[in-house]
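Beneath this line is the structure, given in structure tokens, with notes to follow.
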Amino acid sequence: MQWRDQGTLIEIVPPKEFSFRECLVFLGRSNQEVLHRIQNQQLFKLVKIMNELILLKIGWKNHRMTIEFPMGEPTWLIKEEVVHYICNWFDLERDLSGFYEMASKDTVLQSLITKYDGLRIIGIPDLFEALTWAIMGQQINLSFAYTLKKRFVEHFGEKIDIEGDTFWLYPTFEAIALLEVDALRKLQFTTRKAEYVIGTARAIATGKLSKQLLIELDAELQQEVLVNIKGIGPWTAHYVMMKCLLTQSAFPMTDVGLHLALKAQLGLDVKPDLDEIKKMASNWSGWEAYATFYLWRSLYE
DNA sequence: GTCCAGGATACTG
DNA sequence: CAGTATCATGGA
């Protein structure tokens with residue numbers, strides 16, 4: 001990844017297919033989001049690196065991604081980690097030419113790659129966040145899922161106040177591993193969701209599960225390990241593979257959002273069934289995660 | 001009031 | 001095994 005340290009500013013040279021504006025559309029899809037903020041085409045995000053809170057102000061200028069540090073210039077080591085984080089978050093190191101080539105010949109994806117040209121998967125680099133956010137989203141509408149997440153973050157996350165704005169960090173697995181079900185029931189988690197979230201935190205806390213461990217496995221084994229955890233089914237496993245492990249072939253094919261997007265794109269009266277979806281997806285082989293992400297994007301016009 | 005949301009699990013025949 | 005009840009709440 002090519003980047004330049006300009007002191008109080010970092011510039012990242014973006015990959016060929018990249019649109020910061022498109023990525024912002026996806027990031028701005030919910031006004032209930034508490035983990036980042038968008039103002040005047042600038043993205044604000046609080047991260048913790050080497051035990052230090054760092055506020056990032058991410059923008060776009062002269063064909064470069066720019067990172068500024070409103071809380072002051074960090075050390076070079078931290079800057080390096082910041083660049084690594086941004087690459088992970090925006091999936092900057094992936095060569096998308098294969099996806100665009102396949103999609104240009106695909107009846108479903110064809111129009112999407114033109115409309116959303118340069119969109120990349122916006123990931124969730126933290127495994128605990130990816131897993132538990134997915135669990136919160138099971139079976140309920142996204143709006144309520146965001147309500148749950150907001151309560152979860154504001155009860156158990158760390159925050160910092162800067163010039164009247166509050167920025168939050170997602171709760172750590174260490175903190176959540178110590179909770180009992182009651183603590184989350186109070187936030188209107190179902191008993192099961194509370195158990196799943198705490199169980200996941202404990203699985204990570206005991207070292208049974210880690211991003212490092214998963215990232216070294218192929219897609220099939222990743223799914224196997226994830227599904228082994230209580231509360232993680234195929235949908236959640238593939239969601240996490242897609243958003244955290246950046247597995248190209250991850251494919252949450254039972255996802256309701258995917259079904260609704262396909263229904264709209266194809267002008268169907270009812271949602272497509274799994275056989276129809278598998279048939280369409282056979283053409284996406286190796287790029288299922290990007291196909292899914294572009295379809296999700298089509299839901300946020 | 002009814003139905004469905006970015007599902008997973010335990011139970012039943 | 002495949003089908004079914006259950007979870008719990010909000011929004012259309």
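Values below: all heavy atoms of this structure, side chains included; hydrogens, waters and symmetry mates excluded. Naming: A, B, ... by sequence-line order, numbering from 1 per chain.
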Q: Could I get the full list of side chain to side chain contact (heavy atoms under 4.5 Å, CB included) partners for A/Asp126, not counting sequence neighbours?
A: A/Phe128, A/Glu129, A/Tyr170

Q) Between A/Phe26 and A/Tyr116, does the ring centroid distance fall short of 6.0 Å? A) no

Q: Keeping to residues at least two apart or across chains, list the side chain to side chain donor-acceptor pair (under 3.5 Å) pairs with something in residues 43-68 of chain A.
A: A/Lys48-A/Glu158

Q) Between A/Gly137 and A/Val227, which is nearer to the 5' end of DNA chain B once each is assigned its nearest nucleotide? A) A/Gly137

Can you give each donor-acceptor pair under 3.5 Å made by side-chain atoms of residues 246-262 of chain A, sequence neighbours left out, with the distance rounded to 0.1 Å?
unit_1: A/Thr247; atom_1: OG1; unit_2: A/Gln222; atom_2: OE1; d: 2.8
unit_1: A/Gln248; atom_1: OE1; unit_2: A/Arg94; atom_2: NH1; d: 3.0
unit_1: A/Gln248; atom_1: NE2; unit_2: A/Gly286; atom_2: O; d: 3.0
unit_1: A/Asp255; atom_1: OD1; unit_2: A/Trp235; atom_2: NE1; d: 2.8
unit_1: A/Asp255; atom_1: OD2; unit_2: A/Gly257; atom_2: N; d: 2.9
unit_1: A/Asp255; atom_1: OD2; unit_2: A/Leu258; atom_2: N; d: 2.7
unit_1: A/Asp255; atom_1: OD2; unit_2: A/Trp296; atom_2: NE1; d: 2.9
unit_1: A/His259; atom_1: NE2; unit_2: A/Met253; atom_2: O; d: 2.8
unit_1: A/His259; atom_1: NE2; unit_2: A/Asp255; atom_2: O; d: 3.4

**Q.** Rounded distance (Å) that lies between atom C1' of B/dG7 and atom CD1 of A/Ile232
**A.** 11 Å

Q.
Does A/Pro252 reach a base, just sugar-phosphate, or nothing at all? Heavy atoms under 4.0 Å.
A. nothing

At a cut-off of 3.5 Å, list every protein nitrogen or oxygen paired with a nitrogen or oxygen from nucleotides 2-5 of chain B, distance to 0.1 Å.
unit_1: B/dA5; atom_1: OP1; unit_2: A/Lys271; atom_2: NZ; d: 2.9
unit_1: B/dA5; atom_1: OP2; unit_2: A/Lys271; atom_2: NZ; d: 3.2
unit_1: B/dA5; atom_1: N7; unit_2: A/Gln139; atom_2: NE2; d: 3.3
unit_1: B/dA5; atom_1: N3; unit_2: A/Asn141; atom_2: N; d: 3.4

(Q) Under 4.0 Å, counting only non-hydrogen atoms across every strand here, what does A/Lys193 touch: a base, just sugar-phosphate, or nothing? (A) nothing

Q. Touch check for A/Thr236, heavy atoms < 4.0 angstrom, all strands: base, sugar-phosphate only, or nothing?
A. sugar-phosphate

Q: Could you list who else is in A/Phe167's hydrophobic cluster, with ILVMFWY side chains joined at under 4.5 Å, directly or through other members?
A: A/Phe44, A/Leu46, A/Leu53, A/Leu55, A/Met71, A/Ile160, A/Ile162, A/Leu169

Q.
Checking A/Ser97 against A/Glu17: is there a side-chain donor and acceptor pair closer than 3.5 Å?
A. no

(Q) Taking the C1' atom in each of B/dA8 and C/dG11, what is the distance between them to the nearest angstrom? (A) 23 Å

**Q.** Distance between C1' atoms of B/dT9 and C/dG10 (Å, rounded)
**A.** 23 Å

(Q) Going 5' to 3' along DNA chain C, which are the first and last nucleotides with any atom under 4.0 Å from a heavy atom of chain A? (A) C/dT6 to C/dG10

Q. When we call it a touch if two heavy atoms are under 4.0 Å apart, what does A/Tyr196 touch: a base, just sugar-phosphate, or nothing?
A. sugar-phosphate

Q) Taking NE2 from A/His238 and P from B/dA8, how many angstroms apart are they, rounded to a whole number? A) 10 Å

**Q.** Residue list, side chain to side chain contact (heavy atoms under 4.5 Å, CB included) with A/Asn141, at least two apart or on another chain
**A.** A/Ser143, A/Phe144

Q: Determine which pairs satisfy ring pair (Phe, Tyr, Trp, His ring centres under 6.0 Å) with at least one residue from residues 192-221 of chain A, sequence neighbours left out, and list them in order.
A: none

**Q.** Residue list, side chain to side chain contact (heavy atoms under 4.5 Å, CB included) with A/Pro15, at least two apart or on another chain
**A.** A/Phe18, A/Leu92, A/Arg120

